[in-house]
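Since the structure comes first, as structure tokens, the remarks are kept for the end.
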Amino acid sequence: MIQPAEAAVGPNGPAALAVSSGPEDPKPGRTPAPALDAVEEDRRESYRSWQRIAFIWAVAWHFSLTVAVVLVAVEHRPLWLYAALAGMSASYLLLQHPWLLDRREPRAAKVHLAIVCTLSFAIVWGDPSLTFLAPVVLSQFSPHSGFGLRGIEILAIAAAGLTLPIALRGGPSWGSLAAWGLAAGSALLINLFIGGFFVEMLKDNDRRGDLIRELEATRAELEQAHHAAGVLEERERLAQEIHDTLAQGFTSLLMLVQAAEATLDSDPDTTRERLELAARTARENLAEARALIGGDPTAGLPLDTALRRAAARIGEELGMATAVDIGGSPRPLTANVQVVTLRVAQEALANVRKHARADTVTLWLTYGTEQLTLAVEDDGVGMAEQSCDGFGMRSMRKRVEQVGGELTITSAPGAGTRVEAEVPYE
């Protein structure tokens, strides 16, 4: 048996197929995927389709009432029949039709059934030629009864009651009983065919409503998952940026301050130089922090200039020889290519500072035909192969691979280290 209150959710419900008047307002910041937009469009189209079905049902109902009015007029029947037919029309428009569009409150439909059954009984009693209204009224039971065994029993009882005036009006007789049985049986059969089609539409409508509810629940879960994934991705991105910029700057500051502290009493000039370098490093680190917050990680510097500044800084900090060689024909670079290349260079130089104990470090930047190649090579102590998988190394490799490039690290104990990144142009 169909449960209209649950089968189709009304306009205030979360996922109604037959009653949603339009898409829900998107939440701020939400960008629905095309597939989710299709769900909203299906919701709207389903409601429009259901409106058309309800309209056709209303037209069919009033067509039957119009035929009855014509018969009453032609046969000069009592005027009260017009009032009864008008009451059936008003009951449909005020109670049944709104319920078909929003089946959340079945009481209105039940009141409608009580009204039209009473009026139909009186009309058939007053004019047996209007008995054809019985199957029309009987069709109003379909959305409530369904077509299970219990539903058919309800329809049979209603058909017998609506056509009962045929048996009672002229007094009981075999002829009137036969006519009554024929009219009741015809009303039941007609409704089984026509009403059955309508009930199947209701069931299909409800199935689609269930599907949309599931899709909307899935959408909510996906949005939550996407939000969580976005938060995690942004957290990882910030951690990577902080590690490659601010953390390296703080490391430099700490080393310079410790070095200045070591010569504070014995060599004031050297101490002053190291403090000046620490101050410059702090200012540069602050500029990088501001650039990171402002969305321009390169701080507005061309890649060549940024590489030379990074190499010069580590040369001053460690007292080593540094060189930067630019090869090929320079070309405009996208911000993404510049950032990836600069971050790889900064991380490679940070590793030189921490581990290499090198005397010289050289940076090569080569503008190729299809890609930009960066190489950072030192003559330090090198490292074993299993040491090439720290956080900094993974960060460099991940950055390069995200833009479709390739990172190669070549090193061996006592043989120095070479980091080479091939970054495709965008």
Stepwise side-chain contact (heavy atoms from CB on, under 4.5 Å) test for Arg397 and Ile409: CA-CA 10 Å; Arg397 195 178 304 279; Ile409 301 174; 3.8 Å; yes
How long is the gap from [atom1] on [X] to [atom2] on [Y], to the nearest 0.5 Å?
X      : Y      : atom1 : atom2 : answer
Leu85  : Ile123 : CG    : CD1   : 4.0 Å
Thr334 : Gln338 : OG1   : CD    : 7.0 Å
Leu81  : Leu119 : CG    : CG    : 10.5 Å
Leu130 : Ser64  : CG    : OG    : 11.5 Å
Gln51  : Ile56  : CD    : CD1   : 12.0 Å
Arg48  : Ile53  : CZ    : CD1   : 13.5 Å

Closest heavy-atom contact between [X] and [Y]?
X      : Y      : answer
Asp359 : Met320 : O-CB, 3.2 Å
Val337 : Pro424 : CG2-O, 3.6 Å
Ala68  : Leu133 : CB-CD1, 4.2 Å

Does [X] reach the side chain of [Y], with side-chain heavy atoms less than 4.5 Å apart?
X      : Y      : answer
Val137 : Trp61  : yes
Glu420 : Leu374 : no
Val116 : Gln96  : no
Met396 : Val419 : yes
Val381 : His355 : no
Leu342 : Leu307 : yes
Ser89  : His62  : yes

Any donor-acceptor N/O pair, Ser91 side chain to Gly87 backbone, under 3.5 Å: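 Answer holds: no.
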Polar side-chain atom of Thr417 near backbone of Ser411 as donor-acceptor pair, under 3.5 Å: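 A pair under 3.5 Å: no.
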Report yes or no: do [X] and [Y] form a side-chain donor-acceptor pair below 3.5 Å?
X      : Y      : result
Thr263 : Thr271 : yes
Gln346 : Arg343 : yes
Thr373 : Thr366 : no

Parallel, tilted or perpendicular, as decided by the 30° and 60° cut-offs, for the rings of His112 and Tyr92: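 Rings of Tyr92 and His112: perpendicular, over 60°.
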Worked check of side-chain contact (heavy atoms from CB on, under 4.5 Å) between Leu349 and Leu363: CA-CA 9 Å; Leu349 292 175; Leu363 282 75; 3.9 Å; yes
Tyr82, OH: over 12 other non-hydrogen atoms inside 6.0 angstrom: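 Buried by this count: over 12 neighbours within 6.0 Å.
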Any residue meeting side chain to side chain contact (heavy atoms under 4.5 Å, CB included) with Tyr425, in chain and number order, not counting sequence neighbours: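 For Tyr425 the side chain to side chain contact (heavy atoms under 4.5 Å, CB included) partners, ignoring immediate neighbours, are Arg331, Leu333, Tyr367, Leu372.
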Lys/Arg cation over aromatic Trp364: Arg418, 6.0 Å, 45° cone: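 Judged by the rule, Arg418 and Trp364 form a cation-pi pair.
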Partner of Leu365 by side chain to side chain contact (heavy atoms under 4.5 Å, CB included), out of Val376, Val324, Ile326: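 Of Val376, Val324, Ile326, side chain to side chain contact (heavy atoms under 4.5 Å, CB included) with Leu365 is met by Ile326 alone.
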Stepwise side-chain contact (heavy atoms from CB on, under 4.5 Å) check, Ile115 with Leu95: CA-CA 10 Å; Ile115 292 174; Leu95 299 174; 4.1 Å; yes
Side chain to side chain donor-acceptor pair (under 3.5 Å) partner of Asn336, chosen from Glu426, Gln402, Arg399: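 Running side chain to side chain donor-acceptor pair (under 3.5 Å) over Glu426, Gln402, Arg399 with Asn336 returns exactly one hit, Glu426.
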Candidate pair Leu94 and Trp99, rule side-chain contact (heavy atoms from CB on, under 4.5 Å), full reasoning: CA-CA 9 Å; Leu94 297 176; Trp99 176 78; over 6 Å; no
